[in-house]
Amino acid sequence: SKATVSVLYWDEMGSGEVDAWRDSIVVRSDATSTIGEVMEQNTVIGMFYGGRLCAACRDVMGKLAQCYNQLAVKKHFLLEIIFVSSDKDEDDYTEFVRTMPWYSVQYNGSARTTLQQAFNVSLMPTIIFLNAGGDVLTRDGRILIQSDSHMSFANTWPLLLKLDGEAREQGSFKDS
């Protein structure tokens with residue numbers, strides 16, 4: 001079955017909310033950056049909201065990691081994932097992040113809360129795909145990942161690019 005996705009257009013979100021989180025520091029095993037810098041280097045960014053103690057989060061994370069690792073070897077697929085933890089304990093956060101190949105927002109500080117508020121995230125797991133300008137392509141990333149039976153993004157990647165192109169043609173997104 002095909003996944004149903006929704007697009008949140010730029011004017012529904014408000015321009016002030018985007019700039020508030022671009023300077024948030026993100027880390028992974030081999031790099032430290034800001035969200036803004038990560039966005040400048042990629043075509044699509046997946047904001048993955050979840051936590052280690054959430055069974056559904058661990059399941060989605062495993063499937064997302066399979067897709068991410070398969071795309072990582074294909075240099076023309078410029079995708080990056082940024083994990084935003086809902087863990088209540090830094091040890092849980094540290095243990096969960098250790099299993100991830102992508103960036104995560106640092107546990108300490110206000111960035112995690114800022115990002116949850118900026119994108120109105122209250123349920124875990126949530127995956128929101130953004131284009132490089134910070135515009136929301138879909139809030140239904142979890143559905144896309146779980147419905148991609150080949151675990152290769154073979155169906156998901158073209159859909160994300162199509163949503164980005166259609167929204168830009170309609171003038172719904174700001175130009176970066």
If you compare all heavy atoms of [X] against all heavy atoms of [Y], which two are closest, and at what distance to 0.1 Å?
X      : Y      : value
Phe48  : Cys57  : CZ-O, 3.7 Å
Arg139 : Val136 : CG-CG1, 3.9 Å
Leu79  : Gly46  : CD1-N, 4.5 Å
Ala56  : Arg142 : CB-NH2, 3.8 Å
Ala132 : Ile45  : CA-CD1, 4.1 Å
Thr34  : Asp23  : CG2-O, 3.9 Å

Can you tell me how far the [atom1] atom of [X] sits from the [atom2] atom of [Y], to the nearest 0.5 Å?
X      : Y      : atom1 : atom2 : value
Phe129 : Leu144 : CZ    : CG    : 6.5 Å
Met61  : Met100 : CE    : CE    : 5.0 Å
Gln106 : Arg112 : CD    : CZ    : 11.0 Å
Gln116 : Ser110 : CD    : OG    : 11.5 Å
Ile145 : Asp140 : CD1   : CG    : 12.0 Å
Ile82  : Ile127 : CD1   : CD1   : 13.0 Å

* Asked: Taking it one step at a time, do Asn108 and Glu90 satisfy side-chain contact (heavy atoms from CB on, under 4.5 Å)?
  -> CA-CA 8 Å; Asn108 295 321; Glu90 190 170 1; 3.6 Å; yes
Would you check if the side chain of [X] reaches a backbone N or O of [Y] as a donor-acceptor pair within less than 3.5 Å?
X      : Y      : value
Ser86  : Gly50  : yes
Arg58  : Arg52  : yes
Asn42  : Val38  : yes
Tyr49  : Leu115 : yes
Tyr107 : Asp87  : yes

Report yes if some heavy atom in the side chain of [X] is under 4.5 Å from a heavy atom in the side chain of [Y]; otherwise report no.
X      : Y      : answer
Ser85  : Ser104 : no
Asn69  : Pro101 : yes
Trp21  : Val105 : no
Asp59  : Gln146 : yes
Tyr103 : Ile35  : no

* **Positive for side chain to side chain contact (heavy atoms under 4.5 Å, CB included) with Ile128, one of Val121, Thr138, Val84** =>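 Answer to the side chain to side chain contact (heavy atoms under 4.5 Å, CB included) test with Ile128 among Val121, Thr138, Val84: Val121.
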* Classify the ring geometry between Phe83 and Tyr93 as parallel (under 30°), tilted (30 to 60°) or perpendicular (over 60°). => parallel
